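Step one of this worksheet: look at the structure below.
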There are 2 protein chains.
Amino acid sequence: MNIGEVAERSGLPPKTIRYYEDIGLVRPLRSGNGYRAFRETDLHKLAFLGRARALGFSIEDCRTLLDLYEDESRESAQVKAVAEEHLTAIDDKIALLQSMRKTLSHLVKSCHGDERPDCPILSDLAGGMARSWKTTNHS
Amino acid sequence: MNIGEVAERSGLPPKTIRYYEDIGLVRPLRSGNGYRAFRETDLHKLAFLGRARALGFSIEDCRTLLDLYEDESRESAQVKAVAEEHLTAIDDKIALLQSMRKTLSHLVKSCHGDERPDCPILSDLAGGMARSWKTTNHS
DNA sequence: ATAGGGCTTCCAGTGACTGGAAGCTCAATA
DNA sequence: TATTGAGCTTCCAGTCACTGGAAGCCCTAT
């Protein structure tokens, strides 16, 4: 299999596949003409990587997971530990984004968004303590 | 003010402040000894940047927001547009993470996590179609 | 013979910093 | 006065996971 077919069948761009070879995640053979010659197992690995990446695992996690996948004597606890750690990281990211979202949506709602220059979004960024009550001049 | 004091008062690391100068977000003066000499306005800008970054705005968004902040004739609609676009991007990221989270937490729950090698997490990554019913050997 | 598409390598850029090295300045102490 | 040591300077390199582009080889079809 040439890289184009593997790309199509794995869903990964050729560039990414070459990159994965660069960093040692796959080791395809070479044909006489210098083209990469992928076996089914290579395709399988790449598809594995594609799914792991789609779940947000880092490349290093992917390397670990692939190693565990190939290790017949692995303990499922090892896999679970990697996944749980990643899950925690995802939860942290979600929490951070939701806290940003909360503040931001509040600010967006409080901005009239017309041709006038005064804007509670900028006031908040500028002052940190400027709130909509201030922009509506309750002082 | 030297960079150390500005760092402390703005909450940004000195490295970051130098970087912000590099890319033209702030333009502190220089003392005779070559040290950066920050004015209150520079500190103000840096604090603005810190808050905007904490809300997840990109550096380019920050540049735009700072420009709008300094532009007396801005229209609040411009600010609101930037913020709304960013809010949409945040929502997209949250949605993506939550979909990862859902799949991943399902997989984690289905993995017994002991010393045995068989693991639905790896099965899923390997096959895409392998499900927990398969790991419990209903075939 | 030529055109095209696919393949190769290598280099550079992305975003937003961060770490580290080498060296200058300044204030306080011995 | 000499010497610490902290703080400041610049510059270079690395992070993460690709992605784009250039230059050039290979293969097939016309």
Side-chain angles (χ1 to χ4, degrees), chain A residues 1-38 42-43 45-46 48-66 85-86 89-90 92-93 96-97 100, chain B residues 1-38 42-43 45-46 48-66 85-86 89-90 92-93 96-97 100:
Chain A
M1 258 183 295
N2 282 349
I3 201 168
E5 187 182 344
V6 178
E8 196 167 344
R9 291 177 58 189
S10 68
L12 296 171
K15 279 272 185 186
T16 300
I17 296 173
R18 290 191 196 104
Y19 172 68
Y20 286 175
E21 184 188 11
D22 259 19
I23 62 175
L25 287 177
V26 277
R27 305 183 191 282
L29 304 174
R30 292 290 174 146
S31 313
N33 58 12
Y35 286 18
R36 287 169 183 81
F38 295 86
D42 296 319
L43 173 59
K45 271 195 193 184
L46 288 166
F48 183 105
L49 289 168
R51 280 185 287 264
R53 293 287 299 128
L55 286 180
F57 284 105
S58 71
I59 289 288
E60 281 319 299
D61 278 351
C62 288
R63 200 188 296 278
T64 304
L65 290 171
L66 255 189
E85 201 168 335
H86 179 46
I90 285 180
D92 290 351
K93 279 189 196 167
L96 182 59
L97 285 169
M100 288 176 180
Chain B
M1 258 182 296
N2 282 349
I3 201 169
E5 188 183 343
V6 178
E8 195 167 345
R9 290 177 60 189
S10 68
L12 296 171
K15 279 273 187 188
T16 300
I17 296 173
R18 290 193 195 100
Y19 172 67
Y20 286 175
E21 183 189 9
D22 259 20
I23 62 174
L25 287 177
V26 277
R27 305 182 191 283
L29 304 173
R30 293 290 174 144
S31 312
N33 57 12
Y35 287 17
R36 287 169 183 81
F38 295 85
D42 296 320
L43 172 59
K45 271 195 194 185
L46 287 165
F48 183 105
L49 289 168
R51 280 185 287 263
R53 293 287 300 128
L55 286 180
F57 284 105
S58 71
I59 289 288
E60 281 320 299
D61 278 351
C62 288
R63 200 189 294 279
T64 304
L65 290 171
L66 255 189
E85 200 167 337
H86 179 46
I90 285 180
D92 290 351
K93 280 189 194 164
L96 181 60
L97 286 169
M100 288 176 181

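Just so it is clear, the structure is predicted and the values come from calculations on it, not from any experiment. Naming: A, B, ... by sequence-line order, numbering from 1 per chain.
- Looking at every heavy atom in both residues, B:His86 comes nearest to B:Leu55 through NE2-O, 2.8 Å.
- Not a single side chain to side chain donor-acceptor pair (under 3.5 Å) links A:Arg27 to another residue, sequence neighbours left out.
- Residues passing the side chain to side chain contact (heavy atoms under 4.5 Å, CB included) test with B:Arg36, sequence neighbours excluded: B:Ile3, B:Arg18, B:Glu21, B:Pro28, B:Arg30, B:Phe38.
- Applying the side chain to side chain contact (heavy atoms under 4.5 Å, CB included) rule to A:Tyr35 yields the partners A:Asn2, A:Ser31, A:Asn33; only residues at least two apart in sequence or on another chain are considered.
- The two atoms that bring A:Gly50 and A:Leu12 nearest to each other are CA-CD2, 4.1 Å, heavy atoms only.
- Across the helix from C:dA1-D:dT30 to C:dA30-D:dT1, the helix axis at one end is tilted relative to the axis at the other end by 30° (nearest 10 degrees, each axis from five pairs).
- The side chain to side chain donor-acceptor pair (under 3.5 Å) search around A:Glu5 returns A:Arg9, not counting sequence neighbours.
- Partners of B:Glu60 by side chain to side chain donor-acceptor pair (under 3.5 Å), not counting sequence neighbours, listed by chain and number: B:Arg63.
- When all heavy atoms of B:Arg53 and B:Cys62 are compared, the closest pair comes out as CD-SG, 3.8 Å.
- Listed by chain and number, the residues in a side chain to side chain contact (heavy atoms under 4.5 Å, CB included) with A:Ala89 amount to none (sequence neighbours excluded).
- Protein chain A touches strand DNA chain C; the 5'-most and 3'-most nucleotides with an atom under 4.0 angstrom of its non-hydrogen atoms are C:dG6 to C:dC10.
- Remark: nothing in residues 55-63 of chain B comes within less than 4.0 Å of DNA chain D through any heavy atom.
- Applying the salt bridge (Lys or Arg N to Asp or Glu O under 4.0 Å) criterion to B:Asp42, with sequence neighbours excluded, gives B:Arg39.
- Proximity of residues 30-38 of chain B to DNA chain C (heavy atom under 4.0 angstrom from any strand atom) is restricted to B:Asn33, B:Tyr35.
- We find the CG-CD1 distance between B:Leu46 and B:Ile17 to be 5.5 Å, quoted to the nearest 0.5 Å.
- Near DNA chain C, meaning a heavy atom under 4.0 Å from it, residues 5-22 of chain B has B:Pro13, B:Lys15, B:Thr16, B:Tyr19, B:Tyr20 in order of number.
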